[in-house]
2 protein chains.
Amino acid sequence: MTASRAVNNQPGVSDEKRAEILRIADDLGYVANRAAQRLSGGRSHVIGVIAQLHTLFTSELVLGIGSAGRAANYEMLVYSLSDADNRPPGPILDLLSQIVDGVIVILPFQSDYLASLSNAKLPIVTIDEGNDAPFPKIMTDNYQGARLAIEHLAALGHRRIGFIAGNEGLASARDRARAFHDMRAQLGLDADPELVVHGNFMQQGGFLAAQRLMRLAEPPTAIFAANDMSAVGAMAAIRESKRSVPQDISLIGFDDVSVANHVHPALTTIRQPLTQMSRAAVNTLLAMISGIAPPAERILLSPELVARESTAAPPLEKLSQKPGRKGMTR
Amino acid sequence: MTASRAVNNQPGVSDEKRAEILRIADDLGYVANRAAQRLSGGRSHVIGVIAQLHTLFTSELVLGIGSAGRAANYEMLVYSLSDADNRPPGPILDLLSQIVDGVIVILPFQSDYLASLSNAKLPIVTIDEGNDAPFPKIMTDNYQGARLAIEHLAALGHRRIGFIAGNEGLASARDRARAFHDMRAQLGLDADPELVVHGNFMQQGGFLAAQRLMRLAEPPTAIFAANDMSAVGAMAAIRESKRSVPQDISLIGFDDVSVANHVHPALTTIRQPLTQMSRAAVNTLLAMISGIAPPAERILLSPELVARESTAAPPLEKLSQKPGRKGMTR
DNA sequence: ATGAAAGCGCTAACAA
DNA sequence: TTGTTAGCGCTTTCAT
């Protein structure tokens with residue numbers, strides 16, 4: 001009836017009638033039934049998010065998507081993937097598609113998720129990965145970010161830089177590793193293979209990794225951790241080895257998750273533009289929902305160096321191996 | 001038609017017909033439309049969760065609810081409250097009620113949330129607060145937990161114990177504070193009011209609070225932080241003051257969030273039985289959905305002391321002020 | 001044991 | 001500009 005048009009701001013209703021209808025609707029405390037809207041082929045004005053809520057980075061991203069959505073008058077519902085969840089995403093998408101107009105997928109650690117996503121009949125945008133998937137992908141330029149990190153350390157005078165790698169299943173981790181190796185070669189830094197250790201993007205992995213670096217015959221003077229949580233773990237291991245950050249060892253992370261700024265010393269890191277990412281994801285998705293072709297197959301956002309307290313010049317006695325300086329005590 | 005009965009395991013279908021229907025359904029890749037189920041007055045087998053995803057504790061609880069739900073063949077959808085969200089919960093519940101069979105609310109920092117929740121026409125269970133709300137509440141015995149913490153410290157020999165309080169708007173924080181004061185009096189511990197400092201359940205608040213404690217003319221030999229995140233912040237402040245945990249200062253937290261075990265030294269803490277809590281919440285909710293009256297208006301779960309590395313006996317020279325011992329150097 | 005009819009709240013396509 | 005009709009996928013209730 002006319003009421004539907006009025007409530008949905010659609011043309012073809014006289015101003016008086018519209019005002020009257022809205023008044024009555026308000027009096028009645030009318031709330032649109034989104035499920036019914038969707039069932040009858042319309043739009044529910046709800047977007048779905050599929051995410052693994054295990055990391056701070058993901059939670060913050062979800063929060064950002066929520067705000068961005070709300071700003072566009074869209075509600076958000078989250079489907080939380082459990083860590084051990086190996087079920088195919090098909091049924092989940094089926095469930096969501098009954099309610100939401102489109103889905104933003106923050107890719108989980110387990111890859112191969114994309115394959116089954118591809119034949120969904122719902123607008124989808126992915127965040128943080130999915131190189132060869134048939135829908136738009138929002139990501140930070142991880143390669144460029146890692147370059148910034150190494151350049152920062154090199155500019156401070158570090159030549160022997162350790163690297164705590166991330167989860168190899170993730171493209172983001174691979175890009176950061178690639179940049180590390182490239183920059184190391186390019187800048188002529190110490191290429192000792194022992195300086196590269198495995199991590200898993202989590203605190204504990206960072207701790208173990210840094211422990212190994214600290215036990216090296218000649219430990220690095222700086223460490224680049226592939227994400228902030230690893231860096232926080234690394235910080236504990238460095239302290240445990242009776243060294244201090246940044247006096248003895250400089251430490252830089254990646255993400256700029258909120259803890260980075262609350263840890264002590266505050267962590268120097270590469271900021272992923274979370275707000276921009278969530279906004280870009282929402283905008284792209286809404287465009288697709290409106291039938292507009294996605295603006296770009298891949299949106300690459302620029303990371304940024306946030307210099308805080310955990311990086312400094314290396315200790316003087318290690319500054320260089322130039323003859324004549326070696327052995328200086330201070 | 002008969003198909004509905006067959007799919008829903010309802011009586012009144014011959015075994016052959018049922019088998020045939022299920023086979024065909026499977027062939028067709030049939031997936032029930034939950035929205036339609038709900039629209040027509042049935043059950044969607046989806047539960048909703050309203051939560052603020054800002055703290056690790058909340059995220060872990062949500063994950064737990066998801067598993068518990070899945071175990072009972074229920075899916076879960078999360079509505080994420082943004083931190084600055086002051087909108088009344090009414091519309092959110094309206095939205096959710098179109099999709100889910102019941103809602104678990106993890107109460108956000110802003111209180112007064114309950115009032116508007118009360119006239120919902122949907123089964124609701126709250127976690128962690130809501131003393132005088134008209135629905136079941138699941139919570140840990142915070143008072144008892146805080147008692148365990150103080151008793152642990154006292155048993156190690158501490159007499160001068162600092163307390164980093166939590167967000168006063170939360171009943172859980174108030175209960176823990178109350179227990180601290182009661183136990184202090186009961187055990188005859190040092191009652192210096194300067195030993196109690198404000199916190200906000202977050203890392204940064206804990207850091208600031210511990211800083212104040214460390215600057216006291218006579219700092220405490222042990223600190224009880226009202227939650228783990230505060231404790232992690234406090235640990236940084238203690239270190240910054242050139243003291244070490246637990247040699248100089250013992251530290252105990254509350255929650256047993258996953259980082260507690262990954263921090264170094266690993267944090268002694270009071271464990272909230274997260275799995276039990278989420279299971280209890282889900283079970284209670286499912287019972288209500290089935291029309292069974294909730295088993296209890298309030299389910300109180302028992303916390304548990306998890307002794308790790310951050311607590312120890314106080315330094316010998318501070319052990320007591322008994323004449324004749326004072327001034328001992330070791 | 002099976003099926004037919006009606007309706008949940010909406011929107012699309014059409015008629016007036 | 002307004003209203004009517006049909007149908008989205010289900011679960012009732014009431015026949016058969």
Side-chain angles (χ1 to χ4, degrees), chain A residues 1-46 73-75 77 90-102 120-123 289-291, chain B residues 1-47 73-75 77 90-102 121-123 289-291:
Chain A
M1 46 171 80
T2 312
S4 174
R5 284 188 264 262
V7 175
N8 293 15
N9 291 321
Q10 279 177 7
V13 188
S14 70
D15 288 357
E16 312 151 26
K17 257 282 183 283
R18 167 158 315 184
E20 188 192 344
I21 291 173
L22 290 180
R23 192 181 50 69
I24 297 180
D26 199 56
D27 277 10
L28 263 46
Y30 171 79
V31 182
N33 186 322
R34 324 242 185 186
Q37 288 178 313
R38 188 112 186 98
L39 184 60
S40 73
R43 308 257 153 268
S44 63
H45 285 250
V46 180
N73 200 21
Y74 257 76
E75 291 289 354
L77 249 23
I92 295 170
L93 281 173
D94 284 335
L95 163 59
L96 283 175
S97 69
Q98 295 158 2
I99 300 155
V100 305
D101 295 341
K121 44 237 151 282
L122 198 67
I289 290 173
S290 314
Chain B
M1 49 171 80
T2 312
S4 174
R5 285 188 261 263
V7 174
N8 293 15
N9 292 322
Q10 279 175 7
V13 187
S14 71
D15 287 358
E16 311 152 25
K17 255 289 184 278
R18 168 160 315 194
E20 188 191 345
I21 290 174
L22 290 180
R23 192 183 49 68
I24 296 180
D26 199 55
D27 277 8
L28 262 44
Y30 170 79
V31 183
N33 186 323
R34 325 247 191 185
Q37 288 178 314
R38 188 106 188 103
L39 184 60
S40 74
R43 308 259 152 264
S44 62
H45 285 251
V46 181
I47 58 179
N73 199 22
Y74 257 77
E75 290 290 354
L77 249 23
I92 296 170
L93 281 174
D94 285 335
L95 162 60
L96 247 27
S97 69
Q98 295 158 2
I99 301 154
V100 305
D101 295 342
K121 44 233 148 279
L122 198 67
I289 290 173
S290 313

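Throughout, protein chains are lettered first and strands after them, A, B, ... in sequence-line order, and every chain is numbered starting at 1.
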What about A:Arg38, does its side chain sit under 3.5 Å from the base of C:dG9 through a donor-acceptor pair?
no
Can you tell me whether the side chain of A:Arg34 and the base of C:dG9 have a donor-acceptor pair closer than 3.5 Å?
no
Would you mind reading off the distance between [X] atom [atom1] and [N] atom [atom2], rounded to a whole angstrom?
| X | N | atom1 | atom2 | result |
| --- | --- | --- | --- | --- |
| A:Asp101 | C:dT11 | CG | P | 12 Å |
| A:Glu16 | D:dT2 | CD | C1' | 13 Å |
| B:His45 | D:dC10 | NE2 | P | 13 Å |
| B:Ile21 | C:dG3 | CD1 | C1' | 11 Å |
| A:Asn8 | C:dT11 | CG | C1' | 9 Å |
| B:Gln10 | D:dT13 | CD | C1' | 13 Å |
| A:Tyr30 | C:dG9 | OH | P | 10 Å |
| B:Asn9 | D:dT11 | CG | C1' | 16 Å |

Are B:Leu95 and A:Val31 packed together at the side-chain level, in the sense that at least one heavy-atom pair is separated by less than 4.5 angstrom?
no
Distance below 4.0 Å between [X] side-chain N/O and [N] OP1 or OP2:
| X | N | result |
| --- | --- | --- |
| B:Ser4 | D:dT11 | yes |
| B:Asn33 | D:dC8 | no |
| A:Thr2 | D:dG3 | yes |

Drop me the distance from B:Arg34's CZ to B:His45's NE2, to the nearest 0.5 angstrom.
8.0 Å
So what does B:Val31 touch, heavy atoms closer than 4.0 Å: a base, only the sugar-phosphate, or nothing?
sugar-phosphate
Which part of the nucleic acid, if any, lies within reach of A:Ala35 when heavy atoms closer than 4.0 Å are counted: base, sugar-phosphate only, or nothing?
nothing
Under 3.5 Å donor-acceptor, [X] side chain and [Y] backbone:
| X | Y | value |
| --- | --- | --- |
| A:Arg18 | A:Gln10 | yes |
| B:Ser44 | B:Ile99 | yes |
| B:Arg38 | B:Val100 | yes |

Nucleotide nearest B:Leu39 (side chain, heavy atoms from C-beta), chosen from D:dC10, C:dG9, D:dG3
C:dG9
Looking at the side chain of A:Ser14, which of D:dG9, D:dT2, D:dT11 is the nearest nucleotide?
D:dT2
By nearest nucleotide on DNA chain C, pick out whichever of A:Arg5 and B:Gly41 is the more 5' one.
B:Gly41
Taking atom P in both D:dT2 and C:dG9, what distance in whole Å separates the two?
24 Å
